[in-house]
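For reference, the structure is listed below as structure tokens.
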Amino acid sequence: MAIALVDANNFYVSCERVFRPDLEGRPVVVLSNNDGCVVARSAEVKALGVVMGTPWFQLQKLAKREGIIALSSNYSLYADMSNRMMGILSTFSPIQEVYSIDECFLDLRGVAQDRLFHMGQAARQRVLQWVGLPVGVGIAATKTLAKLANHVAKKMPEYAGVCVWDDLAEGDQQRLLQQLPVSEVWGVGRQWTTRLQETGIQTVWDLRQTDPALMRKRFSILMERSIRELRGEPCIAMVDIPPPRQEIQSSRSFGRPVTSAEELGEAISLYTVKAAYKLRRQGSVAGALRVFINTSPFQAHLPQYHAARTIALNHPSQDTRVFLQAGRLALAEMYRSGLAYAKAGVHLLEITSADALQADLFTSAEDEARANQLMITLDRVNARFGSGTLQPGVAGLQEPRGWAMKRGNKSPAYTTRWADLARAKLE
DNA sequence: TCTGGGGTCCTAGGACCC
DNA sequence: TCTGGGGTCCTAGGACCC
């Protein structure tokens, strides 16, 4: 039984560097929407002690002194690079679980133990050569151990990017576990780390030595699972085909404070359009939607207001218009004037398969078929001519929208837009 | 001046039922 | 004055992940 975890180093930064080789060896960060926080750091930036999630404005001085280059996030580029990387890795196993944009698990059961290291090396080489992304590989008997092995492969140069846990002598394994802080364990976050430390559990080794049943009582079944996995007992199965989402959200912080009900309504309508599209793409219907509007928690001197409303639909739907209407009602109820709103969003809830949907007692089959056809047409037009080609007027017609997010340093869509296509300079 | 977005899962506790 | 026991379902909140 062996599972590999493959993930890219500083994924977003590495994607940018593929098209900007001049960024190699220089300190680079990628920023979140609105150029707000650091969400990816090159090794050079990590070495400067910049932590994940640092607000960019707090780094101005350091950035100037050290020459840090900041790029706005370019998610369509990263998604495309991710697809290419995952495609290559999928050839190494019939069972691949794409766990996030930059990492996947591969089921390597049946591969002889003495072949695993070579296989890890091959995967690494191929991704680097074919798409230009550096990846690390950890291979072990459980997902949790594979995660740890991956960490070891990246942190310790002698492993050259690939660590096969069961190739290590028992004494070496113990020594590594005793070096790693318990916070490195997959599933152990900030709160749990504090609670564990309070009871004297500092290292991964310490956690491994605890009694799983007792820890389940003190924490939860998730803790028990993690401990068992650390001991080499698989508890977390591979998920080959991703199940449909149970919740779909769309939300954004605004590029500037928003005060008027009109602008707020535009924003919420736009997020509703996006969420409904995601819903249809996975073949689902939603039975309820939740809308929220928030002021900025960082502007403590201004009046704060956080409001949310959940609206249950009479009948589960995938019709953008139904959600728009419900969303507008919710907003009208919540809206208070005289406040500086910083963020709004829409969640679609109670999601089920469109195939299993019961007929609506109060809508004729004909009307429903027409509505479905309208949505199919809408999605087709937008797929062909670009998203936003056709959309409800309530989402706002004026471009650019005043409240839209700021992305000052966005790179071109090198791989997904003809005009931006990367090409070698001939001269 | 400037602080992201999108998910899953588990548990506790209340409402309700017999 | 005295006020059971056991079960299910739902939701909010909190933890985690990237």
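Values in this document were obtained by computation on a predicted structure and should not be read as measured data. So you know, we letter chains A, B, ... as the sequences are listed, proteins then strands, and number each from 1.
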Under a 3.5 Å limit for both distances, which nucleotide forms a Watson-Crick or G-U wobble pair with dG14(C), could you say?
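WC or wobble partner is dC9(B).
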Check whether any side-chain N or O of Ser72(A) sits under 3.5 Å from a backbone N or O of Asp35(A) as a donor-acceptor pair, and report yes or no.
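Here the side-chain-to-backbone pair does not exist.
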Describe the nucleic acid contact of [X] in one word from base, sugar-phosphate, nothing, applying a heavy-atom distance below 4.0 Å.
X	result
Tyr99(A)	sugar-phosphate
Ile221(A)	sugar-phosphate
Ile248(A)	sugar-phosphate
Glu247(A)	base
Asp35(A)	nothing
Lys278(A)	sugar-phosphate
Glu224(A)	nothing
Trp56(A)	nothing

Taking the minimum atom-to-atom distance to the side chain of [X], which one of [options] wins?
X	options	value
Ser253(A)	dC18(C), dT11(B), dG4(B)	dG4(B)
Ser251(A)	dT11(B), dT3(B), dG5(B)	dG5(B)
Leu222(A)	dG6(B), dG4(B), dC10(B)	dC10(B)
Ser250(A)	dG7(B), dG4(B), dG6(B)	dG6(B)
Gln246(A)	dG6(B), dT8(B), dC18(C)	dT8(B)
Ser220(A)	dC17(C), dC10(B), dC16(C)	dC10(B)
Lys147(A)	dG5(B), dT3(B), dC17(C)	dC17(C)
Gln191(A)	dA15(C), dG5(B), dT3(B)	dA15(C)
Phe57(A)	dG7(B), dT3(B), dC10(B)	dT3(B)
Val39(A)	dC18(C), dG4(B), dA15(C)	dG4(B)

Can you work out whether Arg245(A) or Tyr75(A) has the more 5'-proximal nearest nucleotide on DNA chain B?
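That would be Tyr75(A).
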Whichever of Gln58(A) and Phe219(A) has its nearest DNA chain B nucleotide further upstream toward 5'
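With Gln58(A) and Phe219(A) compared, the 5'-side residue is Gln58(A).
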OP1 or OP2 of dC9(B) under 4.0 Å from side-chain N/O of Arg225(A):
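Checking dC9(B) against Arg225(A), no side-chain N or O comes under 4.0 Å of OP1 or OP2.
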Verify the contact: side-chain N or O of Gln60(A) to OP1 or OP2 of dT1(B), cut-off strictly under 4.0 Å; return yes or no.
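For dT1(B), OP1/OP2 do not have a side-chain N/O of Gln60(A) under 4.0 Å.
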In this structure, are over 12 heavy atoms from other groups packed under 6.0 Å from Lys155(A) atom NZ?
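Atom NZ in Lys155(A) is not packed in, count stays at 12 or less.
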How about Arg417(A): does its CZ atom have over 12 heavy atoms from other parts shown lying under 6.0 Å from it?
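Counting neighbours around CZ of Arg417(A), 12 or fewer heavy atoms of other residues, nucleotides or ligands fall under 6.0 Å, so no.
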Which class fits the ring pair Trp186(A) and Phe105(A): parallel under 30°, tilted 30 to 60°, perpendicular over 60°?
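Ring orientation, 0 to 90° scale: tilted.
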Parallel, tilted or perpendicular: ring planes of Phe11(A) versus Tyr78(A), cut at 30 and 60 degrees:
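Perpendicular, since the angle between the ring planes exceeds 60°.
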Can we say Asp7(A) and Lys154(A) salt-bridge, meaning some charged N sits less than 4.0 Å from an Asp/Glu carboxylate O?
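Between Lys154(A) and Asp7(A) there is a salt bridge, with a charged N closer than 4.0 Å to a carboxylate O.
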Which value, in whole Å, describes the distance between the C1' atoms of nucleotides dG4(C) and dC16(B)?
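Pairwise C1' distance, dG4(C) against dC16(B), rounds to 16 Å.
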